[in-house]
2 protein chains.
Amino acid sequence: MTIQSIQRAAAVLRSFSEIRPELGVTELAAIHDVHKSTISRILTTLEAEGMVSQNSETGKYRLGIGLVGLAGVALGRISVRGAAQPIMSQLVHDIQETSILMVRDGREAVTVEWFGSTQALRYVGWIGRRVPLFCTAGGRILLAWEPFEKQVALMPFLPQKYTESTVIDPQALQKLLAEVKETQIAVVREEFEEGFSSLGAPVRDRHGRVTAALTIAIPSVRLTAENFPTLQAELRLAAQNISAELGYGFGG
Amino acid sequence: MTIQSIQRAAAVLRSFSEIRPELGVTELAAIHDVHKSTISRILTTLEAEGMVSQNSETGKYRLGIGLVGLAGVALGRISVRGAAQPIMSQLVHDIQETSILMVRDGREAVTVEWFGSTQALRYVGWIGRRVPLFCTAGGRILLAWEPFEKQVALMPFLPQKYTESTVIDPQALQKLLAEVKETQIAVVREEFEEGFSSLGAPVRDRHGRVTAALTIAIPSVRLTAENFPTLQAELRLAAQNISAELGYGFGG
DNA sequence: AACATTGTTGCACAATTAGCAACAGGAGGT
DNA sequence: ACCTCCTGTTGCTAATTGTGCAACAATGTT
């Protein structure tokens with residue numbers, strides 16, 4: 001028994017994205033198959049609550065600053081962040097590449113912490129960035145230890161290709177996930193973003209469950225056969241150290 | 001014309017805080033003077049939307065990871081962040097103290113970016129942290145250039161004292177805000193958190209409006225008469241540089 | 001075992017919401 | 001300047017949905 005108008009409000013909020021950060025009443029009404037007067041009222045209410053704001057020039061709406069404060073409270077309960085921060089900071093200092101910590105949110109992975117490389121050419125992340133599970137290293141780490149039935153249940157939701165390299169064939173993906181589980185490392189080369197590749201390693205909680213993914217995001221030109229062994233070793237070690245901090249008895 | 005049930009949902013979300021990250025149905029019902037069955041249904045709906053999650057052991061609720069992704073989109077539209085990041089990183093590198101960028105959210109200031117000092121004793125911030133306007137350096141920066149009537153209109157909402165040093169007398173505060181406006185620097189010594197002080201400087205947009213506050217948060221033992229001139233000068237310069245990036249013609 | 005407390009659920013009713021229709025304002029074209 | 005089109009907003013009312021009552025299920029304490 002859920003409350004329909006609250007569901008509608010949440011659906012409206014989720015309509016905004018990195019790609020479509022600003023939307024109009026008429027657009028949202030079409031997306032949700034709801035009358036525009038209804039959308040207008042939902043947005044008016046959400047604006048009063050600081051969760052959206054209206055661009056006075058365009059009349060269109062965006063997500064509002066009030067969500068940031070709510071997310072701050074939500075982030076505060078994610079204990080892996082505290083454990084990971086010093087370790088990630090050191091990792092980035094050592095390898096001079098960007099490191100990102102992700103957890104699962106529905107059918108996506110979301111960034112809950114990140115430290116950026118200081119090199120001029122580097123990957124820039126942000127807290128709250130959502131990326132697909134299937135074609136990112138962090139996403140594959142979060143999927144690889146899921147029960148097979150759960151992995152299969154997600155296959156109908158495979159997204160479009162993001163790049164020429166994106167793997168979207170279910171069987172090929174299953175194979176990749178099995179390899180991730182075996183090697184404990186995920187490697188994604190330009191499947192999600194042209195020019196960038198990523199490595200991922202599992203972070204486990206005290207029960208041994210993979211609850212987060214520690215990743216390195218790197219301009220592809222800098223991921224070579226020469227430095228790959230070092231990078232993946234450093235990443236593994238950092239992920240193991242974070243897991244140990246969380247109470248995982250991992251060869252500690 | 002706002003939608004009451006959506007307002008209620010938002011009010012429930014805002015009930016969670018740093019201090020009270022986990023709340024039960026009965027507590028929330030009392031806080032909001034709403035029947036607990038109503039609260040239970042609101043929470044069930046919000047949980048289905050990923051905006052809260054229930055602790056299976058305690059039966060209580062917390063804010064959920066879905067809010068982080070929404071906040072990520074909201075953060076993406078705050079252009080001051082991109083301008084500020086390299087400058088803040090350099091500032092922290094130079095002074096070895098934590099720097100925080102805040103914008104206003106209603107009657108509070110919220111952190112939209114931060115870079116932490118690597119010293120062992122340091123201030124740790126986080127994206128989405130909300131702090132009172134009145135007794136933090138960033139908050140005072142955000143208030144100081146507000147029209148007098150707007151400042152006065154906020155006085156009834158003065159919070160309780162956080163520390164022995166918190167200034168909550170309206171007239172004393174008005175005087176402090178006038179000084180901030182004159183000196184272009186806010187200094188708060190342990191008014192919000194024991195052991196920590198902060199300095200704030202205004203960040204202006206291309207229209208000249210103060211739309212963000214750049215701050216340094218520092219263990220009070222490290223803020224001395226000796227280093228204060230250097231710290232405030234570095235902070236001013238960094239804030240001016242960010243403002244210039246935003247198109248403010250500030251003695252460029 | 002009995003009791004207290006918490007979160008959940010079925011039911012019915014009336015309060016609130018959703019959709020229709022009209023409106024206000026702005027942009028673009030002639 | 002006038003007209004058309006499009007967008008977001010608002011008054012009104014019917015009916016749908018949300019709310020509160022009452023009961024329930026589960027857990028913890030004495």
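Naming convention: chains lettered A, B, ... in sequence-line order (proteins, then strands); numbering from 1 in each chain.
- Listed pair A:Y61 / D:dT7 fails the phosphate criterion, with no side-chain N or O lying under 4.0 Å from OP1 or OP2.
- Contact of the A:S15 side chain with the A:R20 side chain is not registered, since no non-hydrogen atoms from C-beta on lie closer than 4.5 Å.
- A:V110 and A:R130 make their closest contact through CG2-CG, 4.0 Å (heavy atoms, listed as atom of the first residue, atom of the second, distance).
- Between A:W145 and A:V180, the closest side-chain pair of non-hydrogen atoms falls below 4.5 Å.
- Judged by distance alone, the side chain of B:S99 and the main-chain N or O of B:M88 form no donor-acceptor pair under 3.5 Å.
- For the segment residues 27-47 of chain A, residues with any heavy atom less than 4.0 angstrom from an atom of DNA chain C are, sorted by number, A:V34, A:H35, A:S37, A:T38, A:R41.
- Of the charged side-chain nitrogens involved, none lies within less than 4.0 Å of a carboxylate oxygen, so that A:E108 and A:R14 do not count as a salt-bridged pair.
- Between B:W114 and B:V124, the closest side-chain pair of non-hydrogen atoms falls below 4.5 Å.
- Closest non-hydrogen pair, B:Q151 versus B:Q174, comes out as OE1-OE1, 3.1 Å.
- Between A:E22 and A:K60 there is no salt bridge, since no side-chain N of the basic residue sits under 4.0 Å from a carboxylate O of the acidic one.
- In this structure, B:R62 places its CZ atom 14 Å from P of C:dG7, rounding to the nearest Å.
- Taking every heavy atom of residues 2-13 of chain A and every atom of DNA chain D, pairs under 4.0 Å involve A:I3, A:Q4, A:S5, by number.
- The CD-P distance, from B:E57 to D:dT27, rounds to 13 Å in whole Å.
- Distance B:E22 CD to C:dG7 C1': 13 Å, rounded to the nearest Å.
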